2 protein chains.
Amino acid sequence: MAPLRMPVLRGSPCLALGAPQPGLRARPGRGAAVVRAAKTADGPSVAIAGVTGAVGQEFLRVLKERDFPYSKLKPLASARSAGKHVQFDGQDIVVEELTADSFKDVDIALFSAGGSITKKFAQAAIDSNCMIVDNSSAFRMTDGVPLIIPEVNGEDMAGYKVGKGGIIANPNCSTIIALMAVTPLHKAAGVERMVISTYQAASGAGQAAMDELVLQMREFLDGKEVTKEIFPLQYAFNLFSHNSPITDTGYNEEEMKMVKETHKIWKDPDVKVTATCIRVPVMRAHAESINLQLKNPLTESEARAALNSSPGVSIIDDRENNRFPTPLDATSRDDVYVGRVRRDISRGDDKGLDLFVCGDQIKKGAALNAVQIAELLL
Amino acid sequence: MAPLRMPVLRGSPCLALGAPQPGLRARPGRGAAVVRAAKTADGPSVAIAGVTGAVGQEFLRVLKERDFPYSKLKPLASARSAGKHVQFDGQDIVVEELTADSFKDVDIALFSAGGSITKKFAQAAIDSNCMIVDNSSAFRMTDGVPLIIPEVNGEDMAGYKVGKGGIIANPNCSTIIALMAVTPLHKAAGVERMVISTYQAASGAGQAAMDELVLQMREFLDGKEVTKEIFPLQYAFNLFSHNSPITDTGYNEEEMKMVKETHKIWKDPDVKVTATCIRVPVMRAHAESINLQLKNPLTESEARAALNSSPGVSIIDDRENNRFPTPLDATSRDDVYVGRVRRDISRGDDKGLDLFVCGDQIKKGAALNAVQIAELLL
């Protein structure tokens, strides 16, 4: 692969295809902008790279659900999938092969085709004054590339607008879900250290992993040997350490993403994070058990108040009825759900909290967050 | 229920039915004694209270597997199950109704019939000079009742022998599995604080919960509504906070057991423990993600050496092949499996470690540990 020129913000501030109308942005600045429009000649031209994958399909659903304004939608995929059809907003659209020429008439490209594809085509897209919102890890830690959760650090993409070429990175799903819940508490009392254990869904490994989990369940219940093509271990009625490679720290790459992306998003390289990432036999929502050590005291009710006033966060914390967030509560929902909010009994003060968090891996963990970023580009 | 007299050690040091032969104890003192004998006139008379449950059935398997010496085996259950037959050691034995008279000719009673049953019948058994090994939480925290993991604190039941009446408590399954892995490290470097997140199997809620999980999986895959009789929430392809009641600390009872039982077993009320207990759709082995804060430095290789020399602990920690413990590795096995042993990256020193641990909930978490305690009574 040819070395990539630095994917920094470049290009003209105005776009021939038509700048978006300011009125389309319901909430300017930080926070999840709610855009109401759909197909309009004034909207940006939008491409989806990797449209046939689980996240690619979710991009289509989320764009429609949020009535994202667009003048044209261009579904892109590998040569293998080119020629397939996708249904979007009442239209039947043919999938085109993703090439360096794909971005000539595109304002915003939502990428979810793997890091190597982003690396291969990013420069061509930038050179075409296309804004990439990339769901891969390819550029997340690159200096100058904003790593954005709109509700958390939307201000870090100030100046990124359609009409210019650039890349904005979507954080890792586990990071997004953790920081949606923890950032309000961080702002209230300062997080010094986080100990996170994840319960990650099959969807994080794509549609094929979800399909294999269902297949394995059927095979197991029929007394057959289970098919192991996606993961080397049985997944049905089992769980295992996240399948990403182990780094020289002994942490796997998924865990290191949680550490490093938190530092970047919070602009605080000193916050201490340790994570243990585990895959559980759940379809598409992640759960996370989070222990927080705080710089300043924060009571349970202050913590709940901070969470309660945060966009994109819902509390399910009914102790009497033992009702707390589950992956099924979060499935196909926009919000991250938080519960089991309690004072850390291992400490003698109000500087520790335990939480349990659930969020849809494909939605807020990927497609929704990317579309929210795209909304901030308008 | 009538108030129970204090279940302390009492009775004569010698038993009419025949004291066990000292030679039967392969390893005296601390550690899991390995007994080789099976049916013998010199062996103790053994009762199993709650024989028809998941743990009761496992008691039978473990007693046979370990050739536990016995002169007579008496299966006991509620009136509803009395008259059923159990197969044990080549014999067909009729289940008797559990009553206050059941223990007149019994030396050792393994109880797994729920705390209320233990409370109801404990005094009658003690008055009959019967040694109870109780799998319920009824007496775990009672002063004077040893709470024993043989490999960890077998010495705390010194003086408890067949021929006397008394109660020894089996710790909670999650506590046993955690402390099997952590105690060697505690002995090596002193644990100051533990942050535990569990991934608990259906078996902890009994055979009915395991059956319902399988039923729900079938229903879900057939597109039917799932049956929710044991748990109020869908369990198939889902997970949820442990169903035990929430205490006034905000922690559920399962979590508080881990805190309090650790204090008692380690005889250290100052060790700091916080836990988040979650049920996952796995059949019979628990997993636990454990973060340790140590008093003294301990390198990864020192930690592995300490684990490696501990009876009942096996290491699966192959970073290159991404192969670490899973619940299926631990299923129906005696050992607790430990992996992901790594220096806590959130600290700047060697005083932090992360681990991932799996152990069979029914076996080491319940029946095996109880039978190992019974072996120490001989």
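So you know, we letter chains A, B, ... as the sequences are listed, proteins then strands, and number each from 1. Note that the structure is a prediction, hence the values are computed from the model and not measured. All values below were derived from every heavy atom in this structure, side-chain atoms included, with hydrogens, water molecules and symmetry-related copies excluded.
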Peer 1: If you take all heavy atoms of A:H242 and B:N322, which pair is closest and at what distance?
Peer 2: O-OD1, 3.5 Å

Peer 1: Heavy atoms under 4.5 Å from chain B: which residues of residues 352-363 of chain A carry them?
Peer 2: A:D354, A:F356

Peer 1: Which one, B:R284, B:E255, B:M256, B:R347, leads in non-hydrogen pairs under 4.5 Å with chain A?
Peer 2: B:E255

Peer 1: Need one label for A:R340: side chain, backbone, both or neither, based on atoms under 4.5 Å from any heavy atom in chain B.
Peer 2: side chain

Peer 1: Which atoms of A:R343 are under 4.5 Å from chain B, going by heavy atoms: the side chain, the backbone, both sets, or neither?
Peer 2: backbone

Peer 1: Kindly give the heavy-atom pair with the smallest separation between B:R193 and A:S346, and that separation in Å.
Peer 2: NE-OG, 2.8 Å

Peer 1: For chain A, which of B:I278, B:V259, B:D329 has the most heavy-atom pairs under 4.5 Å?
Peer 2: B:I278

Peer 1: Are the side chains of A:R342 and B:T276 in touch, meaning some heavy atoms are under 4.5 Å apart?
Peer 2: yes

Peer 1: Between CG of A:D248 and CZ of B:R319, what distance do you get to the nearest 0.5 Å?
Peer 2: 9.5 Å

Peer 1: Can you find a heavy atom in the side chain of A:F220 that is under 4.5 Å from one in the side chain of B:M217?
Peer 2: no

Peer 1: With only heavy atoms counted, which part of B:V341 is less than 4.5 Å from chain A, the side chain, the backbone, both or neither?
Peer 2: neither

Peer 1: Please round to the nearest 0.5 Å and tell me the distance separating atom CG of B:D317 and atom CD1 of A:I246.
Peer 2: 8.5 Å

Peer 1: Tell me, out of A:L221, A:N291, A:V214, who's got the most heavy-atom pairs with chain B below 4.5 Å.
Peer 2: A:L221

Peer 1: Tell me the residues of residues 294-306 of chain B whose non-hydrogen atoms fall below 4.5 Å from those of chain A, in number order.
Peer 2: B:E300

Peer 1: Using the test side chain to side chain contact (heavy atoms under 4.5 Å, CB included), find all partners of A:L328 that sit at least two apart in sequence or belong to another chain.
Peer 2: A:T326, A:T331, B:Q234, B:N238

Peer 1: Under 4.5 Å from any heavy atom of chain B, what part of A:P245 do you find: side chain, backbone, both or neither?
Peer 2: backbone

Peer 1: Can you name the closest pair of heavy atoms from B:R218 and A:D222 and give their distance?
Peer 2: NH1-OD1, 4.5 Å

Peer 1: Sort A:N252 into side chain, backbone, both or neither according to what part of it lies under 4.5 angstrom from a heavy atom of chain B.
Peer 2: both

Peer 1: Chain B contacts: which residues in residues 200-213 of chain A have a non-hydrogen atom closer than 4.5 Å to it?
Peer 2: A:L213

Peer 1: Looking at every heavy atom in both A:T198 and B:Y199, which two are closest together, and how far apart are they?
Peer 2: O-OH, 2.8 Å

Peer 1: I'd like to verify something: which residue of A:G348, A:A285, A:A236, A:S244 has the highest number of heavy-atom pairs under 4.5 Å with chain B?
Peer 2: A:S244

Peer 1: Can you check whether A:I345's main-chain N or O pairs, donor with acceptor, with B:Y251's side chain at less than 3.5 Å?
Peer 2: yes

Peer 1: Using side-chain heavy atoms (C-beta onward) and a distance below 4.5 Å, is A:Q293 in contact with B:V195?
Peer 2: no

